[in-house]
Amino acid sequence: MRKPLLSLVAALALTACATTPMGPVEPPPPPPADAPVAIPANIIAAVENPLRPEVDVKRDADRLPAQVLAFAGVRTGAKVADLIPGGGYFTRLLSRAVGPRGHVYAYVPDELTKLAKREPAVNAIAADPAYKNVSVILNTLPSFNAPEKLDLVFTAQNYHDMHTPLMGPADLSVVNRKIFQSLKPGGVYLVLDHSAQPGSGLRDAAGLHRIDPETVKAEVTAAGFVFEGESRVLRDSADKRNVSVFDPSIRGKTDQFIYKFRKPAGAR
């Protein structure tokens, strides 16, 4: 079951500095998958930002952004790429969480803009003075890059899309390697997506918009990443994973996995 933010904040505030930092230092062993994650003050402030649109705030109970960003280890001053940001739900949160010394690169695949025939929705966020530390990068997926080395590449509910005709489909062996190269040694790649049934591989990527978590793990580690652990805060056993994530019976309540991968400290 998913636990709302406010029920955890009071219990976890005193341990706000306990999250795993991003950077070249080798991390300690990850906690058990179901262990609570401390919510740092910068992430609490991001979630409680009064400038967030009401439509975003209403989604928090289902998306649990504080727990997700805390698991990712988002810290003040971090350089982050929000890969396939959509309407910018996480872009706004990341912007406030990293603060003025940090930066968020909203990476929008050009494959999507050509289909949509309109400018990316996230452009409006980058133009808002309240989010001065957000820049939009419009480029193809196989060309993934950023103007500086990153602490975190974050993608939510989009990894499966990269395997569909919507994105080409993209060659994920190339994309994941580009992400690996864009990160600082010790940097994090956080993948959150709707889970498909075990052993289904890519079968349901286009039809149900789901992906087998083990397929993601195999593809990302093949690019050189080390699998560091999973957060289960968005897991939901009530989802049988046999219908589209847009089906009214399950929309907003899907079983979702959150995998954290790290670039080894000694890697270039």
Side-chain angles (χ1 to χ4, degrees), residues 1-2 20 27 29-35 37 62-64 67-73 81 83-84 90 109 141-142 144 152-183 186-247 250-264 267:
M1 296 297 291
R2 302 178 187 180
T20 303
D34 292 319
V37 177
D62 293 330
R63 304 198 74 173
L64 302 183
Q67 290 92 317
V68 172
L69 297 185
F71 181 67
L83 176 57
I84 315 180
F90 276 109
L141 276 172
F144 182 88
L152 169 68
V153 175
F154 179 96
T155 190
Q157 300 179 342
N158 290 303
Y159 190 97
H160 71 275
D161 282 323
M162 293 190 272
H163 275 293
T164 69
L166 188 69
M167 300 290 190
D171 184 339
L172 268 293
S173 66
V174 173
V175 175
N176 287 331
R177 188 63 190 173
K178 288 283 190 177
I179 291 170
F180 185 91
Q181 293 167 351
S182 76
L183 285 161
V188 168
Y189 183 18
L190 196 289
V191 179
L192 183 164
D193 212 338
H194 307 282
S195 68
Q197 294 176 339
S200 60
L202 301 174
R203 181 193 68 197
D204 297 328
L208 305 186
H209 293 273
R210 299 174 179 271
I211 191 167
D212 185 345
E214 290 303 311
T215 296
V216 175
K217 187 185 295 184
E219 290 181 347
V220 175
T221 54
F225 287 96
V226 174
F227 176 66
E228 189 164 287
E230 174 185 12
S231 169
R232 299 183 60 84
V233 296
L234 294 180
R235 286 293 197 176
D236 194 331
S237 60
D239 179 10
K240 302 307 179 186
R241 297 174 283 181
N242 59 356
V243 296
S244 167
V245 301
F246 300 113
D247 189 287
I250 200 66
R251 188 166 189 175
K253 306 289 183 181
T254 58
D255 179 69
Q256 297 173 58
F257 62 95
I258 310 171
Y259 278 180
K260 185 176 183 179
F261 302 91
R262 193 176 293 272
K263 180 175 180 174

Notebook entry, point to check: Judged by atom type as modelled, is there a donor-acceptor pair below 3.5 Å linking the side chain of Lys260 to the main-chain atoms of Gly229?
Noted result: no
In short, Pro198 meets Asp212 closest at the heavy-atom pair C-OD2, 3.8 Å
The reported gap from CD1 in Ile211 to CZ in Arg203 (rounded to nearest 0.5 angstrom) is 12.0 Å
*Apply side-chain contact (heavy atoms from CB on, under 4.5 Å) to Phe71 and Val233, showing your working.*
CA-CA 10 Å; Phe71 181 67; Val233 296; over 6 Å; no
**Asked** Would a 4.5 Å heavy-atom cut-off, applied to side chains only, mark Val188 and Glu228 as touching?
**Response** no
Nearest heavy-atom contact between Gln197 and Arg241 is CG-O, 3.6 Å
Taken to the nearest 0.5 Å, the spacing of His160 NE2 from His194 NE2 works out to 6.0 Å
Partner of Gln256 under side chain to side chain donor-acceptor pair (under 3.5 Å), picked from Arg235, Gln157, Arg63, is Gln157
Distance col, row His163:NE2 vs Glu219:CD, nearest 0.5 angstrom, shows 3.5 Å
Of all heavy-atom pairs linking Ile250 and Ser244, the shortest is CG2-O, 3.3 Å
Hey, mind stepping through Gln67 and Ile258 against side-chain contact (heavy atoms from CB on, under 4.5 Å) and telling me if it holds?
CA-CA 11 Å; Gln67 290 92 317; Ile258 310 171; over 6 Å; no
Taking every heavy atom of Val175 against every heavy atom of Ala170, the minimum-distance pair comes out as CG2-CB, 4.0 Å
Go through Asn176 and Tyr159 one step at a time and tell me if the side-chain contact (heavy atoms from CB on, under 4.5 Å) criterion holds.
CA-CA 11 Å; Asn176 287 331; Tyr159 190 97; 3.0 Å; yes
Fill in: Side chain proximity check, Gln181 to Lys178, heavy atoms < 4.5 angstrom
yes
| message | For a 4.5 angstrom cut-off between non-hydrogen side-chain atoms, does Ile179 reach Phe225? | response | yes
Original post:
So, Thr155 side chain and Leu83 main chain: donor-acceptor pair closer than 3.5 Å or not?
Top reply: yes
The residue among Leu192, Thr254, Asp62 that forms side chain to side chain contact (heavy atoms under 4.5 Å, CB included) with Leu234 is Leu192
CD of Glu214 to OG of Ser195, rounded to nearest 0.5 Å, is 11.5 Å
Here the gap from Glu230 atom CD to Phe257 atom CZ, rounded to the nearest 0.5 Å, amounts to 8.5 Å
- Item | Close side-chain approach of Ser231 to Val68, heavy-atom, < 4.5 Å | no
Scanning both residues in full, the closest heavy-atom pair of Val226 with Pro264 reads CG2-CG, 3.9 Å
Heavy-atom closest pair (Pro165 atom, Ala206 atom, distance to 0.1 Å) is CD-CB, 4.5 Å
In this structure, CZ of Arg262 is separated from CG of Leu190 (nearest 0.5 Å) by 10.5 Å
Next on the checklist: Students often mix this up, so state it plainly: with edges at 30° and 60°, are the rings of Phe261 and Tyr189 parallel, tilted or perpendicular?
Outcome noted: tilted
Paired with Arg210, the salt bridge (charged side-chain N to carboxylate O under 4.0 Å, His left out) test is passed by just one of Asp247, Asp239, Asp193, Asp204, namely Asp239
### Message
Treating Asp236 as the side-chain partner and Asp255 as the backbone partner, does any N or O pair qualify as donor plus acceptor under 3.5 Å?
### Response
no
